[in-house]
Amino acid sequence: MKPRLGLFNLFNNRIGCLTLILCTIIDRQYFSSWAFTVQNGSGSINSRRRPIMMRWRRGTTFDRSSITCGGHSSNNKRNLSMVRMNSSLFFSSINPDAALTSSSSSSSISTATTSNDDVHDSEKKNKKQSMKGCVCVVTGASRGIGKGIALELGKAGATVYITGTSSSTSSSMGNNDHDTNNQQNHVKTSSKYVTNEVVGGPETIEQTAEEIDQVGGIGIPIYCDHSQDDQVQKLFDIIQENHERLDLLVNNVFRVPSGGGTNGGLFGKFWEVGIPAWDTIHTVGCRSHYVASCFAIPLMKKNSPRALGSMTRPMIAMISSFGGITYTFNVAYGVGKAAVDRLAKDMAVELTEEDIVVTSFYPGVVLTERTLRAVSSGEWEKNVGIPLDNAETPGYTGKAIISVATDATNMSKTGKVQVVSELAQEYGFTEEDGRQPPSIRSLRFLLPAYGFDDATREKVKVDWIPDWKIPFFVMAQGKPPSKSSSLSSSSDV
């Protein structure tokens with residue numbers, strides 16, 4: 001098999017080439033333990049400068065608490081802090097004109113407070129994350145990432161309302177017996193955005209609710225077509241009646257456009273997939289997030305009664321994708337995900353004074369039911385082709401959301417992109433088998449996925465590759481290979 005080039009033509013990009021050269025000439029053990037962050041004297045990243053080049057001699061002893069560039073430490077000088085980041089390396093560089101920055105590239109730590117931040121990081125990792133008593137909504141949770149998030153919230157003790165149009169009954173409306181004692185009947189709609197087993201699957205919202213109950217939470221299935229505003233409003237009316245508040249909204253619902261194969265109309269040039277693909281992705285996947293948030297905010301603003309569990313403040317989580325910054329699948333998909341990111345950014349401006357956090361989450365390649373079916377049918381190898389050794393489970397995103405939701409300092413993340421795998425390094429959570437899959441923008445993911453052939457991939461261990469993360473603005477510069485990068489963020493109504 002020929003090696004596949006990367007998300008942004010890494011090896012055809014001068015900065016990408018520089019990345020690879022640096023990784024080969026600098027001691028990888030030193031790289032795997034420390035991260036370099038360019039800062040100004042006030043402790044914030046100097047985003048108006050290009051990355052500076054640094055030369056380190058092997059065997060040099062460094063003061064790990066503080067390093068200053070040129071011996072200056074005043075506020076008007078640029079400082080270079082060496083910050084421990086859980087065996088990950090990120091040389092931060094920010095495009096000042098970018099609409100969003102990740103938590104890794106936007107969070108800078110002052111040299112004078114490094115030790116305090118290390119203590120805070122330790123406290124975050126050792127903190128018991130409980131969502132007991134919290135009222136949550138996860139849209140599009142019959143399968144995929146949405147289901148994984150809902151189950152993790154259930155494990156943390158939350159009451160979880162799960163929505164979708166994949167239902168075993170025509171009247172799942174606000175009951176936690178799943179099939180009986182409905183508060184009100186609701187007939188399934190015939191909307192063109194209702195999912196089906198061809199582009200969806202056999203899973204249902206009732207099944208998800210039952211699994212939530214089994215892991216210790218309370219699952220409440222709500223049949224809801226998110227293209228119908230009246231149904232969305234009815235969902236929040238039920239929550240108002242039952243709880244008079246809402247603590248967490250996860251805007252995850254996404255409708256795959258109709259088309260051939262397991263992945264519907266995700267693949268194809270924009271003039272080939274046509275207008276229906278645009279309307280589908282943007283109606284149920286972008287507009288749906290705006291509508292749900294409009295109805296959710298009044299419930300989040302209610303201060304009494306409130307039982308936030310370990311949450312300090314309400315939160316809205318947008319499930320987005322790396323497709324928001326680099327070409328993925330097709331035009332409609334990328335524009336839709338970029339719009340979701342911008343939605344989070346601008347909502348944060350208006351919600352900060354309400355003490356409500358809103359963030360956009362980037363999962364990696366995720367082993368959803370759809371992905372597994374694509375592997376079985378051969379479509380994965382045909383259209384994507386990258387190995388799944390570093391793939392994430394759907395629940396991994398749920399752990400990331402819970403970690404941010406229960407972090408008392410999470411307002412620092414509002415309006416920004418949060419990469420799930422990078423949050424795992426920050427908060428210390430892992431997959432059930434103990435793994436921490438690398439970020440899609442890490443060399444540990446990019447080289448095995450796009451730079452190595454099968455033989456090289458077998459010989460080179462992932463731990464040998466520096467966990468160096470490519471800046472977002474580099475990833476956004478080029479067009480990926482014809483085989484799309486992932487099926488990571490596809491969730492179904």
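What you see is a predicted model, and the numbers here were worked out from it, not measured in a lab. All residue numbers in this chain count up from 1 along the given sequence.
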Practice task
Please report the C-alpha distance between His289 and Val253 in whole Å, then the side-chain angles of each, then the deciding distance to 0.1 Å, and finally whether the side chain to side chain contact (heavy atoms under 4.5 Å, CB included) criterion is met.
Solution key: CA-CA 8 Å; His289 297 3; Val253 67; 4.0 Å; yes
Handout entry: Residue pair Ile402, Tyr427: steps toward the side chain to side chain contact (heavy atoms under 4.5 Å, CB included) verdict
Key = CA-CA 10 Å; Ile402 293 172; Tyr427 290 97; over 6 Å; no
Exercise for the section: Assess the side chains of Gln436 and Ser421: does a donor N or O sit below 3.5 Å from an acceptor N or O? Expected result: no
Handout entry: Steps toward side chain to side chain contact (heavy atoms under 4.5 Å, CB included) verdict (Ile316, Leu351)
Key = CA-CA 10 Å; Ile316 298 176; Leu351 289 175; 4.2 Å; yes
Handout entry: Between Asn410 and Thr312: side-chain donor-acceptor atoms closer than 3.5 Å
Key = no
Practice task
Please determine, by modelled atom types, if Arg444 and Asn390 share a side-chain donor-acceptor pair under 3.5 angstrom.
Solution key: no
Handout entry: Between Thr165 and Asp225: side-chain donor-acceptor atoms closer than 3.5 Å
Key = no
Exercise for the section: Show your reasoning for whether side chain to side chain contact (heavy atoms under 4.5 Å, CB included) applies to Leu249 and Met300. Expected result: CA-CA 9 Å; Leu249 169 64; Met300 289 184 166; 3.8 Å; yes
Completion exercise
CD (Gln240) and CZ (Phe295) are apart, to the nearest 0.5 Å, by 13.0 Å
Problem - Check ion pair Arg457-Asp454 (N to O, under 4.0 angstrom) - result: yes
Handout entry: Electrostatic pair Glu432-Lys399, nearest N-O below 4.0 angstrom
Key = yes
Problem - Nearest-0.5 Å distance, OG of residue Ser439 to CG of residue Leu423 - result: 10.0 Å
Fill in the blank from the handout: Value for NE2 (His243) from CG (Leu299), rounded to nearest 0.5 Å, stands at 10.0 Å
Practice task
Flag this pair as yes if the NZ/CZ of Arg441 is under 6.0 angstrom from the six-membered ring centre of Phe322 and inside a 45 degree cone about the axis; otherwise no.
Solution key: no
Completion exercise
In this structure, CG of Asp467 is separated from CD of Gln425 (nearest 0.5 Å) by 5.0 Å
Practice task
Answer yes or no: does atom CZ of Arg435 have more than 12 heavy-atom neighbours from other residues, nucleotides or ligands under 6.0 Å?
Solution key: yes
Exercise for the section: Could you grab the distance from atom CD1 of Ile325 to atom NZ of Lys337, nearest 0.5 Å is fine? Expected result: 13.5 Å
Handout entry: Check: Met475 main-chain N/O paired with Thr326 side-chain donor or acceptor under 3.5 Å
Key = yes
Completion exercise
Separation between OG1 (Thr163) and CD1 (Ile205), nearest 0.5 Å, reads 7.5 Å
Handout entry: Check: Thr359/Gln418 side-chain N/O donor and acceptor closer than 3.5 Å
Key = no
Problem - Any side-chain heavy-atom pair of Tyr333 and Ile281 under 4.5 Å - result: yes
Practice task
Indicate whether the side chain of His226 and that of Thr139 have a donor and an acceptor atom separated by less than 3.5 Å.
Solution key: no
